[in-house]
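What you are looking at is a predicted structure, and each value in this text was computed from that prediction instead of being measured.
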Amino acid sequence: GGAEGAWGGSLADDCAAAGPLTNLTRIDVSNNGIRDAGFYFLITALCRLPSLTCLNVSGNSPGRAGCAALGSLIASSPRLRTLGLQQCSNIYRNITSHDFSALELAVAHGPASGAAGYFAAIQSVVESGSGAGSVGSSVGHLLELRLGGNGCRPGFERPRSAALARLLQRLPKLQLLDLNCCQLAAADADRLAEGLSTISSSLSTLDLSWNTLNASALAALSGNLAST
């Protein structure tokens, strides 16, 4: 499409030009129609920003490769504390369990270095398939992960509690987790508790609003967390 073509082609040099802006700490590129190719060019530029602490890519359309690029950035940017990935289930596509798995696998893969290193890491994750087996043991340093609004359109895969649980296990320092309006249901409670148990000592803010977790599911979730 047009936006992706621009990011993947003529704007590649503009992404690279971000390199000298070493004092940038917060970047917001939400709602720019960025897809997989654009995420690769964006991330290879952002990896050269040593002071980056907050990145908002909400409202774009990362697929498996785009999520792998984001995961590689998390693993390679020890100062990155906040990632906004909200409302990325849009008219183009919806975030699937494969995408969340790619994010987790890329974090596990560990830090990448330079454009070639990022490309190799992303390619490795994309080619690895969607299994649960991680390719490394690295963890991210994120403190805030905002995933709100990533439900699924009718007829598409429901949210991805197993893949989400594995991702949370890679982010042991999380203090804020936004899962509002992600179509989480009672059947997701056990998996969600499994992921949350790994961050229960650090987590201070959890948003589960606008889901369909019923009273019994919330009670089970609370019980599981209280026992960790």
At their closest point, which heavy atom of Arg170 faces which heavy atom of Val107, and how far apart are they?
CB-CG1, 3.9 Å
Shared hydrophobic cluster, Leu103 / Leu143 (ILVMFWY, side-chain heavy atoms < 4.5 Å)
no
Look only at the side chain of Ser76 and the backbone of Leu73, and say whether a donor-acceptor pair between them is shorter than 3.5 Å.
no
Determine, stepwise, if the pair Asn32 / Asn60 fulfils side-chain contact (heavy atoms from CB on, under 4.5 Å).
CA-CA 6 Å; Asn32 271 287; Asn60 291 296; 3.7 Å; yes
Distance col, row Leu80:CG vs Cys54:SG, nearest 0.5 angstrom, shows 8.0 Å
Are the side chain of Asn180 and the backbone of Gly148 linked by a donor-acceptor contact shorter than 3.5 Å?
no
Closest non-hydrogen atom pair, Tyr118 against Cys47
OH-CB, 3.1 Å
Output for pair (Leu145 CG, Thr82 OG1), nearest 0.5 Å, gives 9.5 Å
Within-4.5 Å side-chain heavy-atom neighbours: Gln169 and Glu104:
no
What's the separation between atom CG in Asp36 and atom SG in Cys67, rounded to the nearest 0.5 Å?
8.0 Å
Let me see the working for Leu83 and Ile74 under side-chain contact (heavy atoms from CB on, under 4.5 Å), right down to the final yes or no.
CA-CA 9 Å; Leu83 176 63; Ile74 292 171; 3.9 Å; yes
Does Ser202 use its side chain to pair, donor to acceptor, with the backbone of Ile199 at less than 3.5 Å?
yes
CG-OG1 distance between Asp99 and Thr96, expressed to the nearest 0.5 angstrom
3.5 Å
Quick check: is Leu203 connected to Leu164 through a chain of hydrophobic side chains (ILVMFWY, heavy atoms under 4.5 Å apart)?
yes
Using only atom types and a distance under 3.5 Å, with no angle test, would you say the side chain of Arg64 pairs donor to acceptor with the backbone of Val125?
yes
Side chains of Thr205 and Asp178: does their closest heavy-atom pair fall under 4.5 Å?
no
Can you tell me if Ser124 uses its side chain to pair, donor with acceptor, with the backbone of Ala121 under 3.5 Å?
no
Measure the spacing between CG of Leu167 and CG of Leu147 and express it to the nearest 0.5 Å.
7.0 Å
Test side-chain contact (heavy atoms from CB on, under 4.5 Å) on Ser204 and Gln175; report intermediate values, then the result.
CA-CA 5 Å; Ser204 60; Gln175 297 176 4; 4.1 Å; yes
Exercise: identify the closest heavy-atom pair between Ile122 and Ala65
CG2-O, 3.8 Å
Shortest non-hydrogen contact between Asn211 and Gln183, atoms and distance
OD1-N, 3.0 Å
Can you check whether Cys88 reaches Leu85 side chain to side chain, under 4.5 Å on heavy atoms?
yes
Is Ser72 reaching over with its side chain to a backbone N or O of Ala112, donor-acceptor style, under 3.5 angstrom?
no
Are Leu177 and Val139 co-members of a hydrophobic cluster defined by side-chain heavy atoms under 4.5 Å apart?
no
Quick check: do Ser128 and Leu105 have side-chain heavy atoms less than 4.5 Å from each other?
yes
Show your working on side-chain hydrogen bond (donor to acceptor under 3.5 Å, both in side chains) between Asp188 and Ser161 and close with a plain yes or no.
CA-CA 6 Å; Asp188 299 307; Ser161 51; 3.0 Å; yes
So which heavy atom on Arg146 is nearest to which on Leu176, and how close?
NH2-CD1, 3.7 Å
Are the side chains of Asn23 and Leu49 in touch, meaning some heavy atoms are under 4.5 Å apart?
no
Distance-minimising heavy-atom pair for Asn214 and Ser216
OD1-OG, 2.9 Å
Flag the pair Asn56 / Ile27 as yes when at least one side-chain heavy-atom distance between them is below 4.5 Å, and no otherwise.
no
Nearest-0.5 Å distance that lies between atom CG in Leu208 and atom CG in Leu218:
7.0 Å
Evaluate the side-chain proximity of Arg79 to Ser51: yes if any heavy-atom separation is below 4.5 Å, no if none is.
yes
I would like to know whether Arg81 and His141 meet side-chain contact (heavy atoms from CB on, under 4.5 Å); could you show each step before the answer?
CA-CA 6 Å; Arg81 294 294 183 263; His141 299 276; 3.5 Å; yes
Leu192 versus Leu179: any side-chain heavy-atom pair under 4.5 Å?
yes
Given 3.5 Å as the limit, does a donor-acceptor pair link the side chain of Thr53 with the main chain of Thr25, or not?
yes
